[in-house]
Colleague: 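To start, I am sharing the structure in question, which I have written as C-alpha cells.
If you read the sequence from its start, that first residue is 1, and numbering goes on from there. Atom set for the values below is all heavy atoms of this structure, side chains included, hydrogens, waters and symmetry mates excluded.
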Amino acid sequence: MASIWEYANPRKFMATSDRVLPWVAWGAGVALAVGLVWGFFFTPDDYRQGSTVKIIYLHVPAALIAINAWLMMLVASLIWLVRRHHVSALAARAAAPVGAMMTVIALVTGAIWGQPMWGTWWAWDPRLTSFLILFLFYLGYMALWAAIESDDAAADLTSVLCLVGSVFALLSRYAVLFWNQGLHQGASLSLDKEENVADVFYFPLLVCIAGFVLLFVALVLLGTRTEIRARRMRALLARERMA
C-alpha cells in the first residue's frame with residue numbers, strides 16, 4: 001500500500017492529480033447543478049421565511065467550506081513545519097483564495113438572508129464577527145505570501161499565521177455554543193436529527209454541500225498544480241541567470 005507521503009513528491013502529485021482532477025471537476029459540476037436546481041426550483045417556500053430560505057443552498061455550503069478550508073490549510077501548514085514537504089505548503093497557498101471567496105459568498109448571502117429576517121444587513125453577532133475576522137486573516141495570509149520573495153520563508157511565516165487564524169475558524173463554527181447572545185440561528189446541520197432543517201430542504205442541501213466540497217478539492221488541486229509549475233519556472237529562470 002502506497003504511503004500518503006509519496007504524494008509529497010511533486011512528480012507523484014502531478015501525475016496523480018492529472019488523473020483525478022477531471023473526475024472531481026465533473027463531479028462538482030453535476031452535484032452543484034443537481035443540488036441548486038433541486039433546491040431553488042423544486043422545494044417549497046418556508047412557512048416563516050418564505051422563498052428567502054433557499055439562500056441556504058449557497059450560504060451553508062459556502063460557510064462550511066470557508067471554515068474547513070482554513071482547517072485544511074492548518075493541517076498542510078503543520079505538515080510543512082514538521083516534515084518540510086513543499087507540496088503541502090503550496091496546497092495551503094492554493095486553498096487560501098478559494099477559502100477567501102467562500103467567506104465572501106457566506107458573508108454576502110448571510111446579509112441578504114438576514115435583512116428580511118432580522119431587519120438589518122449586519123449585526124456584531126459573535127459568529128458574524130468571528131467570520132469577518134477570519135476573512136481578514138485570509139487576506140493577510142495571501143498578502144504575506146505575496147510580500148516575501150523566499151518561498152520557504154513565506155511558507156514558514158504563513159504557517160505561523162495559519163495557526164493563529166485557526167482560533168477564529170473554530171470560533172466561526174462554534175461561537176453560538178460559547179455565547180448565547182446574537183441573532184444568528186443555530187446550526188442547520190447537526191448530528192442531532194431534530195436540530196436539522198426539514199427533510200425537504202435537507203437532502204438537496206446535502207447535494208449542494210457535496211458539490212461545494214468537490215469544487216473546493218478541484219480548485220485546490222488546480223491551484224497546487226499551478227503553484228508547482230510556477231516554482232519550477234522560477235527555478236529554471238534562476239539557473240539561466242546564473243549560467
Side-chain angles (χ1 to χ4, degrees), residues 21 24-36 39-40 52-77 88 90-114 121-122 125-146 158 161-176 184-185 187-189 197 201 204-227:
L21 183 55
V24 176
W26 276 105
V30 171
L32 286 173
V34 171
L36 293 175
F40 279 107
T52 58
V53 71
K54 297 184 181 184
I55 299 174
I56 195 174
Y57 302 114
L58 290 174
H59 177 72
V60 171
L64 287 174
I65 296 301
I67 296 168
N68 288 290
W70 191 276
L71 297 181
M72 171 261 165
M73 291 162 55
L74 170 63
V75 173
S77 297
S88 63
L90 296 179
R93 182 178 186 178
V98 185
M101 182 54 62
M102 292 297 177
T103 309
V104 171
I105 293 172
L107 288 170
V108 171
T109 55
I112 296 172
W113 195 0
W121 296 98
W122 179 264
D125 176 281
R127 177 175 284 188
L128 300 181
T129 303
S130 58
F131 218 82
L132 177 61
I133 296 174
L134 176 63
F135 174 64
L136 297 178
F137 266 95
Y138 270 119
L139 296 182
Y141 181 93
M142 292 185 290
L144 192 57
W145 263 109
T158 53
L161 179 63
C162 196
L163 294 175
V164 177
S166 299
V167 174
F168 292 96
L170 292 173
L171 285 178
S172 298
R173 176 64 182 86
Y174 297 108
V176 291
H184 199 287
Q185 67 188 46
S188 299
L189 299 174
V197 296
F201 304 114
L205 178 57
L206 289 182
V207 177
C208 288
I209 290 173
F212 270 76
V213 170
L214 291 172
L215 177 62
F216 171 74
V217 173
L219 292 175
V220 170
L221 288 176
L222 184 62
T224 306
R225 289 169 60 85
T226 302
E227 293 292 342

Colleague: Measure across Ala31 and Gly211 and return the closest heavy-atom pair with its distance rounded to 0.1 Å.
Modeller: CB-CA, 3.5 Å
Colleague: Is a side-chain N or O of Tyr138 found less than 3.5 angstrom from the main chain of Ile133, in a donor-acceptor match?
Modeller: no
Colleague: Is there side-chain contact between Ser77 and Thr158, with at least one heavy-atom pair below 4.5 Å?
Modeller: no
Colleague: Taking the side chain from His59 and the backbone from Thr109, do they hold a donor-acceptor pair closer than 3.5 Å?
Modeller: no
Colleague: Within a strict 4.5 Å, meaning less than it, do heavy atoms of the Leu128 and Leu132 side chains meet?
Modeller: no
Colleague: For Leu219 and Leu215: C-alpha separation, side-chain torsions, deciding distance, then whether side-chain contact (heavy atoms from CB on, under 4.5 Å) applies.
Modeller: CA-CA 6 Å; Leu219 292 175; Leu215 177 62; 4.0 Å; yes
Colleague: Which heavy atom of Ile56 sits nearest to which heavy atom of Pro61, and what is that distance?
Modeller: O-CD, 3.3 Å
Colleague: Heavy atoms only: give me the nearest Thr224-Ala91 pair and the separation to one decimal.
Modeller: OG1-CA, 3.4 Å
Colleague: Is there a side-chain contact between Phe212 and Leu64 (heavy atoms, below 4.5 Å)?
Modeller: no
Colleague: Does atom CE (Met142) have a neighbourhood of more than 12 heavy atoms from anything else shown, all under 6.0 Å?
Modeller: yes
Colleague: Taking the side chain as every heavy atom from C-beta outward, state whether Trp70 and Thr103 have any atom pair closer than 4.5 Å.
Modeller: no
Colleague: Are the side chains of Phe40 and Leu58 in contact, using a 4.5 Å heavy-atom criterion?
Modeller: yes
Colleague: Of all heavy-atom pairs between Ala94 and Gly223, which one has the smallest distance, and what is that distance?
Modeller: CB-C, 3.5 Å
Colleague: Return the minimal non-hydrogen interatomic distance between Ala69 and Phe216, and the atom names on each side.
Modeller: CB-CE1, 3.6 Å
Colleague: Going by heavy atoms in the side chains, are Val207 and Tyr57 under 4.5 Å from each other?
Modeller: no
